[in-house]
Student: 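Attaching a single structure in structure tokens format; questions to follow.
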Amino acid sequence: MKRLCAFSFARRLFKPRTTHSQESKEKMEQSPIVTVEDNFDLQESRESMEKSPMITANNNFDTQSATENQKETGSYAATNIILNHEFSDGLHSWHPNCCDAFVVPAGSGYHKRLAVEEGCCYAVVSNRKECWQGLEQDITSRVSAGTTYTVSACVGASGTFQGSVEVLATLKLVYQNSETSYLFIAKKAASEECWEILEGSFSLSTMPDQVIFYLEGPPAGTDLLIKSVVISCPSSTACDSSGTSSVCTDDDNIIINPQFDDGLNSWSGRGCKVALHDSMADGKITPMSGKSFASATERTQSWNGIQQDVTGRVKRKLAYEVSAVVRIYGNNVTTADLRSTLYVKAADNRERYIGIASVQATDKDWVKLQGKFLINDSPSQVVVFLEGPPAGTDILLNNLVIKHAAKAPPSSPPVIEDAGFGVNIITNTSLNGGTNGWFPLGNCAMSVQTGSPHIMPPMARDSLGAHEPLSGRYILVANRTQNWMGPAQMITDKVKLYLTYQVSAWVKIGQTSGPQNVNVALGVDSQWVNGGQAEISDDRWHEIGGSFRIEKQAAKVMVYIQGPAAGVDLMVAGLQIFPVDRHARFRHLKKQTAKLRKRDVMLKFSGSDSGSLFGTFVRVRQLQNSFPFGSAISRTNMDNEDFNAFFVKNFNWAVFGNELKWYWTEAQQGNLNYKDADELLDFCTKNNIQVRGHCIFWEVVGTVQAWVQSLNKNDLMTAVQNRLTGLLTRYKGKFPHYDVNNEMMHGSFYQDRLGKDIRVNMFKTAHQLDPSPILFVNDYHVEDGCDTRSYPEKYIEHILDLQEHGAPVGGIGIQGHIDSPVGPIVCSALDKLGTLGLPIWFTEVDVSSDNEYVRADDLEVMLREAYAHPAVEGIMLWGFWELFMSRSNAHLVDAEGDINEAGKRYLALKHEWSSHPHGHIDEQGQFSFSGFHGSYEVEVVTVSKKITKKFVVDKGDNALVISVDIS
């Protein structure tokens, strides 16, 4: 498991309002910043709004003028700031506000009275409980102050109303330090008979922190129909320049006196002294640039350093990039880790430290330290400082720059010609030509022998399908004097960038006194790459399987097999390295998923009008997939409403990144902090999101607080008992899962100090204190074939041993921190673990690649393999927002809220795994479909009324029959 960086969040949905008119009136009267000119029927609202010169809106929009503007700018499409304005891309970029929405394709006959041109579609906003609920789009980054924007929307309505209803166009204006305001733009009477054009305009003289355009107005229970929306500016230049108006429009460095041209002005020491220099060490150290540099000297702690208060110069929800030129000096230290850190004090005096970047600094040369950060809230104090080297060593700083981070250009899909999926790139695998193509790595003896398996190893067979038998010949490596010695082959010219390669071989060792590791490794220039490992303790042939991918051009790539101790013979047969056709595997998994996660459903309609329902349009909408899709979150994310909106909309489970861990809840002995966990749990409960309890203990010594490590055996046992009692009683019945003792395959602090029984006792005591949650083991590198400490067979032995000694282990956690995943390897691990009959959860999934498309493919592999496997009952991502994940290049959403290709792939899979059938009632009064497990709502609109009913599709082999009474 990886530690998460500090997380944060807040909710984007509007507050419920009794009526729009009342809310608009109250909001506009309270705020002095809104002015509207309109035939609005609330006289006092108009008077209140006209008092302010700040924001104007005008709905007396001249159609002829609009036409002229269109001619001047070329077309509305050229300057329209609304994304997906005709819903050709579904609801992409649109969000229903506390209601539901879907897109109706042309020709569906859903609203027979409204004509729709061929090839067109429109949005339906349904399940509206309040008149202010509608469809919204965030346009913050595409509008600017001082520009007049024209609005034109094609709208309609559907429901049981008589005559017409009003549709309103509104702006929600969010200001960081004042109340949210609502700017009325225009209104239009709409009916079921024809489409109407709602027109108006608006202008902002100051720029809010967030601008949301939305359509609203019809009474509760009435569907709002939207065919298109255009918001344009009078000139393309104005529109083009608006894209950056909501963020920092300049490249100003927020650091004052960044190169010490003004001496040490604005700089200070953090627990130490600072000094200004033009040179040091008898002139051997001079500035890299400029005339001066500063030193943090007389440091007595590693956290001492040079600092600057940047309060008020850092904006919330903006990403900043940091660049500093640094080095170290003194105390006979030649290299040290030097870090840039942000101290943040919240308005409620809560303190936190955000790690920005680190670099290995030296006393020989200046080096550049670079990183990024983002603050979600509006803190009362922000200080940036340098720290890290041992006490007594000076930190030298030549300059420091902090600017708003430029947007990274989007990735392009890798272009791979002649991928050769399934084609082995190893020369002379069959050894028909002796050792031709092979060479011994090191001074060892290599020969060809017979007697190895003729069948392909299972994991390779699952990828390659039918294949010729292996030759039965193998390489014997003898006289090994180092563990790295073994057979090798150069594959530099055969490996293609961004392709995922699967590794497969049979391996065996000679006589030995204990278990030996065997590893297929790659030397990529000077880097070691793990291609798979196996632990062997007998004289049988063992399958070794793994994967790798190279994303930067290498001058030399060598594959070699190594691992056993010196003097132990090594045997290798049938080595295969081949690129994997992931999409072929996906086609297979789709079929498996449909069998496992879907069920046939028949809706039977009955009642007085049932005989006349033949041909009536039926729309079924899945409200939620019942399968758990979750993510890690942390307390700091709660201050970012964009994070909240994405999380609540796209996940139904959560896990706290740090806030429930012992080092967080009791960093200092006796000082308990459950505030963060309580607030996170309250947020999740309010949003109907279940939470995994992670974790009660963590076996890896590096994660154990210093005060816990310092305890003697008796005091440590008491502290463990207090931790169990305090946590399990406080949250009794609130967490359906607990990871009891994290990463027992990779750590043994508590077992070493308290004996083997402590692990079983932790499970037993947790169950006694709270019998309701499922108690999990949780570990990493279980599913990828690259770690002999936690491969499936060893994990199974570990679980069985705990159970045999009375530990109530109820679930298996596989973390899922993985590189270049290959489906059959992951599936093989799941098959083996599935034999225990316990639910399996992927608990901390993340994948990393600098190319978003490759990252998306990796994520799709993990999600599809998990969702298609019968033993897997939940998938948790280890975060999704940039700068708030433990791995770089693993995010789905960038720091400022833009969804990248990996995020789009996740959303596409979620959409694929939801069912929204529609059609017509047949002659038997039935409508049938196959749907994913979860909750649904069916809607039928007859001439006289609209009938809706909610139901649940649960697991089952037989068709589910749902009766719908329309009387």
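When a residue number appears, it is its place in the shown sequence, counting from 1.
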Student: Any side-chain to backbone donor/acceptor pair from Lys494 onto Met490? Under 3.5 Å, distance only.
Tutor: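 Side chain of Lys494 to backbone of Met490: no pair is present.
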
Student: Look at the side chain of Glu873 and the backbone N and O of Trp841, then say whether any donor-acceptor pair between them is shorter than 3.5 Å.
Tutor: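 Here the side-chain-to-backbone pair does not exist.
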
Student: With ring centroids as reference points, do Phe880 and His891 lie under 6.0 angstrom apart?
Tutor: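 No, they do not, as the ring centres are separated by 6.0 Å or more.
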
Student: Take Leu754 and Asn761 through the side-chain contact (heavy atoms from CB on, under 4.5 Å) test and state the conclusion after the steps.
Tutor: CA-CA 11 Å; Leu754 301 175; Asn761 290 337; over 6 Å; no

Student: On a heavy-atom basis, which atom in Lys832 and which in Thr835 lie closest, and how many Å separate them?
Tutor: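 That closest heavy-atom pairing would be O-OG1, 2.6 Å.
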
Student: As a quick check of understanding, evaluate side-chain contact (heavy atoms from CB on, under 4.5 Å) for Val477 and Met485, giving each step before the final call.
Tutor: CA-CA 8 Å; Val477 186; Met485 290 182 176; 5.5 Å; no

Student: Taking the basic N atoms (NZ, or NE/NH1/NH2) and the acidic carboxylate oxygens, is any pair closer than 4.0 Å for Arg887 and Asp846?
Tutor: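 Result for this pair is yes, salt bridge flagged.
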
Student: Can you tell me if Asp784 and His781 form a side-chain donor-acceptor pair at under 3.5 Å?
Tutor: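 A pair is found: one side chain offers a donor N or O, the other an acceptor, under 3.5 Å apart.
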
Student: Of Asn742, Asp779, Asn778, which meets side chain to side chain donor-acceptor pair (under 3.5 Å) against Thr843?
Tutor: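 Testing each of Asn742, Asp779, Asn778 against Thr843, the sole residue satisfying side chain to side chain donor-acceptor pair (under 3.5 Å) is Asn778.
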
Student: Taking it one step at a time, do Glu844 and His817 satisfy side-chain contact (heavy atoms from CB on, under 4.5 Å)?
Tutor: CA-CA 7 Å; Glu844 304 178 20; His817 302 292; 2.8 Å; yes

Student: Show your reasoning for whether side chain to side chain donor-acceptor pair (under 3.5 Å) applies to Asn424 and Thr429.
Tutor: CA-CA 9 Å; Asn424 188 13; Thr429 294; 2.7 Å; yes

Student: Looking only at side-chain N and O atoms, does Gln360 offer a donor or acceptor that is under 3.5 Å from a partner on Thr362?
Tutor: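 Thr362 vs Gln360: no donor-acceptor pair found between side chains.
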
Student: Looking at OG1 of Thr435 and CE of Met446, how far apart are the two atoms once the value is rounded to the nearest 0.5 Å?
Tutor: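 Answer for the OG1-CE pair, Thr435 versus Met446, is 4.5 Å.
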
Student: Closer than 4.0 angstrom, basic N to acidic O: yes or no for Asp819 and Arg549?
Tutor: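 Salt bridge flag = no for Arg549 with Asp819.
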
Student: Using only atom types and a distance under 3.5 Å, with no angle test, would you say the side chain of Gln489 pairs donor to acceptor with the backbone of Ile426?
Tutor: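 Side chain of Gln489 to backbone of Ile426: no pair is present.
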
Student: Side chains of Leu877 and Phe629, heavy atoms from C-beta outward: is any pair under 4.5 Å?
Tutor: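 Of all side-chain heavy-atom pairs linking Phe629 with Leu877, none is under 4.5 Å.
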
Student: For Lys508, is there an ion pair with Asp538 - N to carboxylate O distance below 4.0 angstrom?
Tutor: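 Answer for the salt bridge query: no.
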
Student: Start with the C-alpha gap between Met744 and Leu802, add the side-chain angles, then the distance that decides, and say whether side-chain contact (heavy atoms from CB on, under 4.5 Å) holds.
Tutor: CA-CA 11 Å; Met744 289 182 279; Leu802 287 170; 3.9 Å; yes

Student: Is it true that Lys552 and Asp525 make a salt bridge, defined as a side-chain N closer than 4.0 Å to a carboxylate O?
Tutor: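 No.
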
Student: For the backbone of Pro824 and the side chain of Ser828, can you confirm whether one donor and one acceptor N or O come within less than 3.5 Å of each other?
Tutor: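 Between the backbone of Pro824 and the side chain of Ser828 there is no qualifying donor-acceptor contact (under 3.5 Å).
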
Student: Does Thr788 form a side chain to side chain donor-acceptor pair (under 3.5 Å) with Lys794? I'd like the steps, not just the answer.
Tutor: CA-CA 8 Å; Thr788 57; Lys794 187 170 284 190; 5.6 Å; no

Student: How far does CZ of Arg587 sit from CD of Gln592, to the nearest 0.5 angstrom?
Tutor: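 Reported to 0.5 Å precision, the distance equals 14.5 Å.
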
Student: Take His869 and Asp831, measure what side chain to side chain donor-acceptor pair (under 3.5 Å) needs, and give me the verdict at the end.
Tutor: CA-CA 8 Å; His869 200 282; Asp831 288 343; 2.7 Å; yes

Student: Is atom CG of Asp493 surrounded by more than 12 heavy atoms (other residues, nucleotides or ligands) closer than 6.0 Å?
Tutor: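 Check fails, neighbour count at 12 or below.
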
Student: What's the separation between atom CD1 in Ile825 and atom CD1 in Ile818, rounded to the nearest 0.5 Å?
Tutor: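 Answer rounded to 0.5 Å: 8.0 Å.
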
Student: Quick check: does any side chain N or O of Ser547 sit under 3.5 Å from a backbone N or O of Ser820, one acting as donor and the other as acceptor?
Tutor: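 Answer holds: yes.
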
Student: Got a donor-acceptor contact below 3.5 angstrom from the Asn428 side chain to the Asn436 backbone?
Tutor: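 Flag set: sc Asn428 to bb Asn436 pair under 3.5 Å.
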
Student: Could you grab the distance from atom CG of Leu800 to atom CG of Leu836, nearest 0.5 Å is fine?
Tutor: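 So the CG of Leu800 and the CG of Leu836 are separated by 5.0 Å.
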
Student: For Trp653 and His737, take the angle between the two ring planes, folded into 0 to 90°, and tell me which bin it lands in: parallel under 30, tilted 30 to 60, perpendicular over 60.
Tutor: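 Tilted, since the angle between the ring planes falls between 30° and 60°.
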
Student: Please state whether the rings of Trp913 and Tyr867 are parallel, tilted or perpendicular, taking 30° and 60° as the class boundaries.
Tutor: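 Ring orientation of Trp913 relative to Tyr867: tilted.
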
Student: Is it true that Tyr474 and Trp541 have ring centroids separated by less than 6.0 Å?
Tutor: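 Centroid distance Tyr474-Trp541: below 6.0 Å, so yes.
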
Student: I'd like to know if the side chain of Arg789 and the backbone of Met745 have a donor-acceptor N/O pair within less than 3.5 Å.
Tutor: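 Not at all, since once roles are kept as given, no pair shorter than 3.5 Å links the two residues.
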
Student: Check the pair Asp739 / Arg692 against salt bridge (charged side-chain N to carboxylate O under 4.0 Å, His left out), numbers first and verdict last.
Tutor: CA-CA 8 Å; Asp739 296 329; Arg692 300 193 73 250; 2.7 Å; yes

Student: Search all heavy atoms of Glu543 against all heavy atoms of Pro458 and return the closest pair with its distance.
Tutor: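 For Glu543 and Pro458, the tightest heavy-atom pair comes out as OE1-CD, 3.2 Å.
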
Student: For the residue pair Trp506 and His454, is the inter-centroid distance of their aromatic rings smaller than 6.0 Å?
Tutor: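 No, the ring centres sit 6.0 Å or more apart.
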
Student: Only counting residues at least two apart or in another chain, list the ones meeting side-chain contact (heavy atoms from CB on, under 4.5 Å) with Asn851.
Tutor: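 So Asn851 forms a side-chain contact (heavy atoms from CB on, under 4.5 Å) with Ser411, Pro414, Tyr498, Ser849, Tyr853, Val854.
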
Student: Determine all donor-acceptor pairs shorter than 3.5 Å in which one atom belongs to a side chain in residues 571-581; sequence neighbours excluded.
Tutor:
unit_1, atom_1, unit_2, atom_2, d
Asp581, OD1, His583, N, 3.4
Asp581, OD1, Ala584, N, 3.3

Student: With rounding to the nearest 0.5 angstrom, report the CG to OH distance, Leu892 to Tyr906.
Tutor: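 Atom-to-atom, Leu892:CG and Tyr906:OH are 8.5 Å apart.
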
Student: When you measure from the centre of the six-membered ring of Phe697, is the NZ or CZ of Arg759 closer than 6.0 Å and no more than 45° off the axis?
Tutor: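 Verdict for Phe697: no cation-pi partner in Arg759.
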
Student: Return yes if a side-chain donor-acceptor contact under 3.5 Å exists between Ser463 and Gln502, otherwise no.
Tutor: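 There is such a pair between these side chains.
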
Student: Specify the closest pair of heavy atoms between Arg582 and Pro821, including all atoms of both residues, with the distance to one decimal.
Tutor: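 Minimum heavy-atom separation between Arg582 and Pro821: NH2-O, 2.8 Å.
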
Student: With side chains defined as the heavy atoms from C-beta onward, is the minimum distance between Val520 and Tyr560 less than 4.5 Å?
Tutor: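 Side-chain contact under 4.5 Å: no.
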
Student: Rounded to the nearest 0.5 Å, what separation is found between the CG atom of Asp857 and the OG1 atom of Thr500?
Tutor: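 Asp857 CG to Thr500 OG1: 7.5 Å, rounded to 0.5 Å.
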
Student: State whether Glu901 and Arg855 are salt-bridged, where the test is any N-O pair (Lys NZ or Arg NE/NH1/NH2 against Asp/Glu carboxylate O) under 4.0 Å.
Tutor: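 Looking at Arg855 together with Glu901, the answer is no, because their closest N to O distance does not fall below 4.0 Å.
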
Student: Side-chain donor-acceptor pair under 3.5 Å between Gln562 and Asn519, yes or no?
Tutor: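 Checked: Gln562/Asn519 side chains pair up, N/O donor to acceptor below 3.5 Å.
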
Student: Please report the shortest heavy-atom distance between Ile774 and Gly811, naming the atom on each side.
Tutor: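 Minimum heavy-atom separation between Ile774 and Gly811: CG2-N, 3.8 Å.
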
Student: Hey, is the main chain of Gln516 close enough, under 3.5 Å, to the side chain of Glu535 for a donor-acceptor pair?
Tutor: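 No, Glu535 side chain to Gln516 backbone: no donor-acceptor pair under 3.5 Å.
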
Student: Please table the atom pairs, donor to acceptor, closer than 3.5 Å between any side-chain atom in residues 859-866 and protein atoms at least two apart or in another chain.
Tutor:
unit_1, atom_1, unit_2, atom_2, d
Glu860, OE1, Arg905, NH1, 2.7
Glu860, OE2, Arg864, NE, 2.7
Glu860, OE2, Arg864, NH2, 3.2
Arg864, NH1, Glu912, OE2, 3.0
Arg864, NH2, Glu912, OE1, 2.8
Arg864, NH2, Glu912, OE2, 3.4
Glu865, OE1, Arg585, NH2, 3.1
Glu865, OE2, Arg585, NE, 2.7
Glu865, OE2, Arg585, NH2, 3.3

Student: At their closest point, which heavy atom of Ala361 faces which heavy atom of Val367, and how far apart are they?
Tutor: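 Distance-wise, the nearest heavy atoms are CA-CG2, 4.1 Å.
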
